[in-house]
Amino acid sequence: MRIKSIDAHAISDTRGRETIETTLSTGEFEATASIPSGKSTGSHEAKELRDEDGSVTTAIQNVTGEITVALKERDFSTMEEIDAFLCELDGTQNKSRLGANAILSISIASARLFAQEANIPLWRFIADTAKVTPHAPRLFVNVMNGGAHADFRLPIQEQILVVGEETLKESVTVAHEAFAELGNVLRGELSNLPMGDEGGYSPSFDTIERPFEILADIVSGRENTSIAIDSAANELLDGDEYVLLKKRYTSAQLLELYTQLVEHFHFHAIEDPFAESDTESFTEITAKLGDRVIIIGDDLIVTNPKRIEDAAVHKYINAALIKPNQIGTVSETIDAVHKTYEAGWHAVVSHRSGETYDTFIADLAYGIGAHGIKAGGLAQQQRLAKYERLRVIEQEATALSN
Ligand code: PGA
Ligand code: ZN
C-alpha cells in the first residue's frame with residue numbers, strides 16, 4: 001500500500017478541547033481517524049503531544065510535515081510495517097517526539113485502509129491480524145460520573161452498569177431503558193442533577209453506598225446486568241492515604257470498603273481500586289476478591305505489553321483495560337491484548353473521557369473478542385456513536401456468516 005496524501009487538522013473533543021483528526025488517501029481509498037484524550041491518566045502512558053496553550057498544532061504539523069514526507073516515499077504491505085516504521089521514526093520510548101496522538105491517528109487510519117483494500121469490515125481485519133476469534137463484548141456503561149470527570153461530586157470516578165444480553169442490539173436497548181430509569185430515580189431524589197464528562201449523570205450523595213443502593217434496584221429487575229466501578233484511585237490518593245467524601249482511608253481500609261461493596265451488591269468488576277504506586281494492594285485485592293469480581297488494571301498497566309507481563313508475574317490484577325492511545329499504535333495495542341490473553345485475563349476495551357465521533361474502539365472490542373467495552377454514558381453523541389457502531393458490526397457479522 002502506498003499512501004498518496006495525508007491531511008490533518010484540529011477538531012473539538014467532548015470537553016471542547018482540540019484534538020487531532022487525520023485523513024489518509026491511497027488514491028483509490030480514503031480513511032479518517034480522530035484521537036481521544038484522557039484526564040485521569042497513568043504516569044506511564046505514551047505521550048499525547050499538546051502545546052502549552054492546550055492546542056495540538058505541533059502534533060498536526062508532525063503529521064503533515066515529517067510523517068508525510070517519510071510515509072509518501074514508501075510501500076507498506078502490512079499495518080505492523082507502518083506501525084514499526086512510525087515508532088522508529090519517532091525514536092523515543094513513549095512517542096514523545098512526534099506525539100502518540102499524531103502516530104495513532106495514522107495507525108488507525110491505515111488499519112481502515114488495509115481493511116478497505118481487503119474488502120472486509122474493520123473488526124474482521126483486526127481479528128485476522130490479531131488471530132483471535134471475534135465476539136460481542138458486554139457493555140460497561142458509565143451511568144454515574146464522578147472523580148476527576150465531575151469535580152469529585154461523587155468520589156468514585158465511574159459507577160458502571162454492565163449489560164450482557166444475548167445480542168448487542170438487546171444490550172444497547174437494555175442500557176437505554178436502564179439509563180432512562182436511573183435518570184428518573186435520580187431526578188426524584190435530588191434537586192439538581194448535573195452531567196459528567198463521560199455522558200452519565202453526576203449526582204452527589206452523603207454516603208459511599210447510596211449510588212449502589214440505587215443501582216441495585218436498577219439491576220434487580222434485569223437478569224443480565226450487574227454493577228462495576230472504576231475508582232481511578234490515582235486521583236484519590238493524598239500522601240499514602242485515599243480520600244473519599246472527605247474521609248481518609250488507608251489501603252487496608254479501602255480494601256475493606258471494596259469487600260463490603262462486593263458482599264452487599266451485585267458487582268462484576270472493580271477497575272484501578274488503588275493508585276498505580278500501591279502495587280501490593282493490587283495483589284491483595286486480586287487474591288481476596290478476584291474469584292468473585294474481575295480486578296481491572298488501567299493506569300497501572302497503561303496498555304503497555306511489558307507492564308502487562310510484569311503485572312501477570314505479580315498477580316496484581318486479572319483483567320486489563322485496553323486503550324489504544326495509552327500506547328500509540330494499533331499493532332502495540334494488539335500486542336497488549338495478546339499479553340492479556342497469555343496471562344489468562346479478560347480484556348476490556350475503553351474510550352477516553354475526552355472523546356470524538358471515531359468508533360475504532362467498537363471494532364477493536366468486537367475484533368479481539370473482548371470481555372467488555374467501556375464507551376461511556378448515553379447522553380453524549382460521541383459515546384452513542386460507539387454503541388451504534390456495535391449494532392452495525394453485529395449485522396455485518398451476521399451477513400458474513402450467512
Ligand atoms: P480518562 O478516564 O480517559 O480520563 O483517563 C477513563 C478511565 O480512567 O478509565
Ligand atoms: Zn480507568
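One-based numbering, in listed order, for ligands and for the atoms of each.
At distances below 3.5 Å, not a single donor-acceptor pair connects side-chain atoms of T23 with backbone N or O atoms of D7. Listed for the D151 side chain is no donor-acceptor partner under 3.5 Å among the backbone atoms of R153. Checking side-chain atoms of T14 against main-chain N and O of E355 turns up a donor-acceptor pair under 3.5 Å. For the pair D299 (side chain) and G42 (backbone), a donor-acceptor distance under 3.5 Å is present. For the pair D13 (side chain) and P36 (backbone), a donor-acceptor distance under 3.5 Å is absent.
Angle OE2 (E271) to the Zn ion (ligand 2) to OD2 (D298): 90°, rounded to 10°.
By heavy-atom distance, the residue among K39, E45, K323 lying nearest atom 6 (C) of ligand 1 is K323.
Heavy-atom proximity to G38, at under 4.0 Å, picks out these atoms of ligand 1: 1 (P), 3 (O), 4 (O), 5 (O). Close contacts of ligand 1 with D298, meaning ligand atoms under 4.0 Å from a residue heavy atom, involve 7 (C), 8 (O), 9 (O). Of all atoms in ligand 1, numbered sequentially from 1 with element shown, those under 4.0 Å from a heavy atom of E271 are 9 (O). With ligand atoms numbered from 1 in the order given, ligand 1 contributes 1 (P), 3 (O), 5 (O) to contacts under 4.0 Å with heavy atoms of R352.
Under a 4.0 Å N-O distance rule, the pair E276/R307 does not qualify as a salt bridge.
Some N or O of H149 is nearer than 3.5 Å to an N or O of ligand 1, by distance alone. Of the polar atoms of T41, none of the N or O atoms is found under 3.5 Å from an N or O of ligand 1, judged by distance alone.
Between L71 and the choices V63, L89, I3, the side chain to side chain contact (heavy atoms under 4.5 Å, CB included) rule is met once, by I3.
When hydrogens are left out, the protein atom nearest atom 8 (O) of ligand 1 is Q157 NE2, 2.9 Å; that is the closest non-hydrogen contact. Scanning the protein heavy atoms around atom 3 (O) of ligand 1, the nearest turns out to be S353 N, 2.8 Å.
Figure legend: K339 and Y341 shown without cation-pi pairing, the cationic atom not lying both under 6.0 angstrom from the six-membered ring centre and within 45 degrees of its axis.
Within the 4.0 Å heavy-atom criterion, the part of K374 lying near ligand 1 is the side chain and not the backbone. By the criterion of a heavy-atom distance under 4.0 Å, the side chain of D230, and not its backbone, is placed next to ligand 1.
Put simply, D230 gets within reach of the Zn ion (ligand 2), with an N, O or S atom under 2.8 Å from it.
Between T58 and Q61, the side chains place no donor N or O within less than 3.5 Å of an acceptor N or O (distance only, hydrogens not considered).
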